[in-house]
Protein chains: 2
Amino acid sequence: MTHQPDPPPAERPERQRLQMADIARIAGVSVATVSRALNGSAEVSAATRQRISELARSLNYTINVGAKNLRLRHNKTVSVVIPYDRRSRQHVSDPFFLAMLGSLADALTDRGFDMLVSRVDADRLELAAQAWDTGTAMGVVLIGQWHRHEQINQMAERGVPLVVWGAQIPVQRYCSVGGDNATGGALATQHLLEQGCQRIVFMGDPDLPEVAQRLRGHRQALAEAERETEPTLELHTPFDANQARADLSRLIESGTGFDAVFACSDVLAMAVVQVLRAHGKEVPRDVAVVGYDDIEWASHAYPPLTTVRQPVSVAGIEIVDALLAIVAGEVVPPRTLPVELVVRRSSLR
Amino acid sequence: MTHQPDPPPAERPERQRLQMADIARIAGVSVATVSRALNGSAEVSAATRQRISELARSLNYTINVGAKNLRLRHNKTVSVVIPYDRRSRQHVSDPFFLAMLGSLADALTDRGFDMLVSRVDADRLELAAQAWDTGTAMGVVLIGQWHRHEQINQMAERGVPLVVWGAQIPVQRYCSVGGDNATGGALATQHLLEQGCQRIVFMGDPDLPEVAQRLRGHRQALAEAERETEPTLELHTPFDANQARADLSRLIESGTGFDAVFACSDVLAMAVVQVLRAHGKEVPRDVAVVGYDDIEWASHAYPPLTTVRQPVSVAGIEIVDALLAIVAGEVVPPRTLPVELVVRRSSLR
DNA sequence: CTGAAAGCGCTAACAA
DNA sequence: TTGTTAGCGCTTTCAG
C-alpha cells in the first residue's frame, strides 16, 4: 500500500541478481525448461530437472515472486489489518490482538502464505482494502470490527475477499469469525453470582458489537437469577486501561457499592484490580474480578485472573481457512467459536 | 515467501478488475498518459491529469502494484522477521517484541512501506532472507539476533539489506540497532546496590549477545562497588517465563540466600515476583526486583515494576531509516540507543 | 521431452 | 503534451 508519492527510486549500482535466463544459459537449456524444472513439472526429464534444481540451488537462485505473480495473475499474500483508534492508538498494544497476530502468522506460514500487516485508522476503515485493490494481497483479514460495521459491509459488497474477527451481526454481508460473546458474558456473570456476588459492575463499551453481545449475556444471566440490571453498574469503558482506571475510580468515589467487576478484556481487568487496590479494596475478598480473553499473563497476574478464554490459536486457523475459501469463490457463513470460563483466584471468595 | 508447493491456483470465474488500459480507453487517451497522470507526472496537462484521476477514482481503479514493481525493478515492502525458538515458540508472545512490531509498523506506514511479517525458526535463520531472495521485499529487519550471529553475518555478506535489533558485536558485518545493554545492566545493579541489596541474582541467558552485555554491566557495577560476583547467583535463564519459575524455585530451594533479582526482561521479572510470593517472600521487602524493557504493564504490575526502559518507539524509526539507507547503498554503522532506569515500587526498600 | 513466442499490467525512452 | 513501443522476469500454449 503506497501512501505517499514515490520517493526517488534509490538508484544505486543495481545489484545484479540472477534470473531464470542466466540459469538457462548456464545449463544450456531454454528458460521454459528451467521454469518447468523449478516448478516440478512432470513434463521435463527427471535428469534435467535434477540438474537444473541443483544448479539453481548452488547459484543461490530463487524465482522472482513478483514476476511469477504477475504472470499467474494471483499472489500468495494476505493482508492483516489492525484498526486503531486515532486518539489512543492503544489497542494494538493489547496482548490479545498481538496474540491473534501470532496465531494468524502461524496459520498463514503453514499454508505457504505471506502476511502483510498494517494498522489503519478505525475512522478510515476503507483503507483496509487497499492491499487488495492494488493487487498486493489476495484478501484481507480485519482484526476487530469496531463501530464500522457498515463500512465493512461496503467493502465486502465491492468484492473484497474479507474475513473479520468479531461478532456476528444481523445484517452482515461479510464473513466473521469470533468467540461466542453472549455465552462468554453469561458464563462470567453466572460464575460471579455463584460466588455470592450481589452487585456486579460490567465494564466495556457496548458500541462495539462484541461487547454488546457480552453485555447481553451478562444481563441474561442476571435475569435468570432474578436480579435487576442496574444502569449505574454498567460502565461504558472502551478498551483503554487509562479510561478503565478513570471510570472505576469515579464509580468508587461516587459511593456506589459493588462487590464484583466483569471487565471485557484482561487488560481492563488488570487496571481494575490496580484501582481497587489503590482504594484499599482487596481482590477477591472485597471485590471479585473477572476478565476476558485469557491472555498469557492472566494466569501470572496477582491475583491470578479469572477470565473467559478466547480460542486464539484455533481462531487464526479458522480465519485463514475461511479467507481461502472465500478467495476460491465459496460463500462462507460467519462462524462462532466456543469460549470457556477459566476460574482462578481473582473471583474466588 | 512460498514455503510449500503451490496449491491449485484457485481458479474461480476471474473477477474482472480494471486495468490501466480500461481507463485509457474510457478516457480516450493512451495508457502512457494514464500512467503519467496517475503518477502525477508534470508532463501531462493539468486538465487531463485531473480528468483521469477523477475517472480512476470514480471507477475505483488502483494501479496494480505488482506490475509496477516488476517494471520499476524495486518494491516498497520490508520483511520483518521474528525468530522463534522451536521448543518454546514463546517469545513472540513477549510483549516487548510485539511492541517493536507496532513501532516498526508505524515507522514503515509513515514512510509508505508495507510490512511483511513472518516468524522463522531461530535454528534456520537463513530463511529470514527469503523475502529478499524472492524479490518480495526490498530488505529485512530481524528482531533479535539470538545465538545466530554467524548466520546473520553470512546473510549480510551475501548482499541482503539487513538491520537487526540487537547488540553490537565486535566482528559484525551487518547493521544493528539496539539499546545500550551494558549501561542498562549497570544501572539496574547500581540501583539495587544503592537500595542496600547485598546479594543480587542475575537472570538471563548470556548466550544471547544482548544479555551478555547486560551481564557485563551488572558485573562491572558489582566490581565498582567492590563486591564479588558469585556464579551461583547468575541464572542462565532463557526468555521463557516457565523456565524462570523453575530456575528461581530451584535456587530458593537450594537454600541460597539473596535479597534482589535483576531479570533481563519484564516478563521474567513478573515470573520472579510470582515465585517469590509463592515462597512467602514479599517484594520488595524481602527481595527487590528489577526487570528490563519497560513494557506497557510493568507500571501496572503488582507491585509496579522497576525496570530498564528500552526506547521502543524511536527504535522502530531508527531501524527503518537504517534499512532505507542501506538499500540506498550507504554503509550504516551499528547504533546503540540510550536506555533509562525507571524506578518503581518493586525495588524500593 | 524441449524450445519459441506471446503476454501478465505497468513505465519510460523515443517519436511525433 | 501525447502516443508508440519495448521490456520488467516469469509461465504456458503451441510446435517441433
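We use all heavy atoms of the structure for the numbers below, so side chains are in, but hydrogens, waters and symmetry mates are not. Residue numbering restarts at 1 for every chain, and letters A, B, ... go by the order of the sequence lines.
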### Task
Find the distance A:Arg73:CZ to D:dT13:C1' and express it as a whole number of Å.
15 Å

Scan the side chains in residues 320-327 of chain A for donor-acceptor partners under 3.5 Å anywhere in the protein, sequence neighbours excluded, and list what turns up.
from, atom 1, to, atom 2, distance (Å)
A:Asp321, OD1, A:Arg111, NE, 2.9
A:Asp321, OD1, A:Arg111, NH2, 3.3

### Query
Is the shortest side-chain N/O distance from B:Thr48 to OP1 or OP2 of D:dT1 below 4.0 Å?
no

### Query
In whole angstroms, how far is the P atom of D:dT1 from the CD1 atom of B:Ile52?
14 Å

### Query
Would you say a side-chain N or O of A:Ser30 is under 4.0 Å from OP1 or OP2 of C:dT2?
no

### Query
Salt bridge between A:Glu150 and A:Arg148, side-chain N to carboxylate O under 4.0 Å?
no

## Note on the structure
B:Leu70 CG to D:dA6 C1', in whole Å, measures 13 Å

### Query
What orientation do A:Phe97 and A:Trp146 show, parallel under 30°, tilted 30 to 60°, or perpendicular over 60°?
parallel

### Query
When the distance from CZ of B:Arg17 to P of C:dG9 is rounded to whole Å, what number comes out?
10 Å

### Summary
Between CZ of B:Arg25 and C1' of C:dG9 the distance, given in whole Å, is 14 Å

## Note on the structure
Protein-proximity profile, nucleotides 10-16 of chain C, B/S/- by nucleotide at the 4.0 Å heavy-atom cutoff, equals BBBB---

### Task
For B:Asn69 and C:dC8, give me the distance from atom CG to atom P, rounded to whole Å.
18 Å

### Query
With a cut-off of 6.0 Å (strictly less than), are more than 12 heavy atoms of other residues, nucleotides or ligands near CZ of B:Arg173?
yes

### Task
Taking all heavy atoms of B:Phe96 and all of B:Val312, pick out the closest pair and write down the distance.
CE1-CG2, 3.6 Å

### Query
Below 4.0 angstrom from OP1 or OP2 of C:dT2, is there any side-chain N or O of A:Ser45?
yes

### Query
Would you say the side chain of B:Leu142 lies within less than 4.5 Å of the side chain of B:Leu125, judging by non-hydrogen atoms?
yes

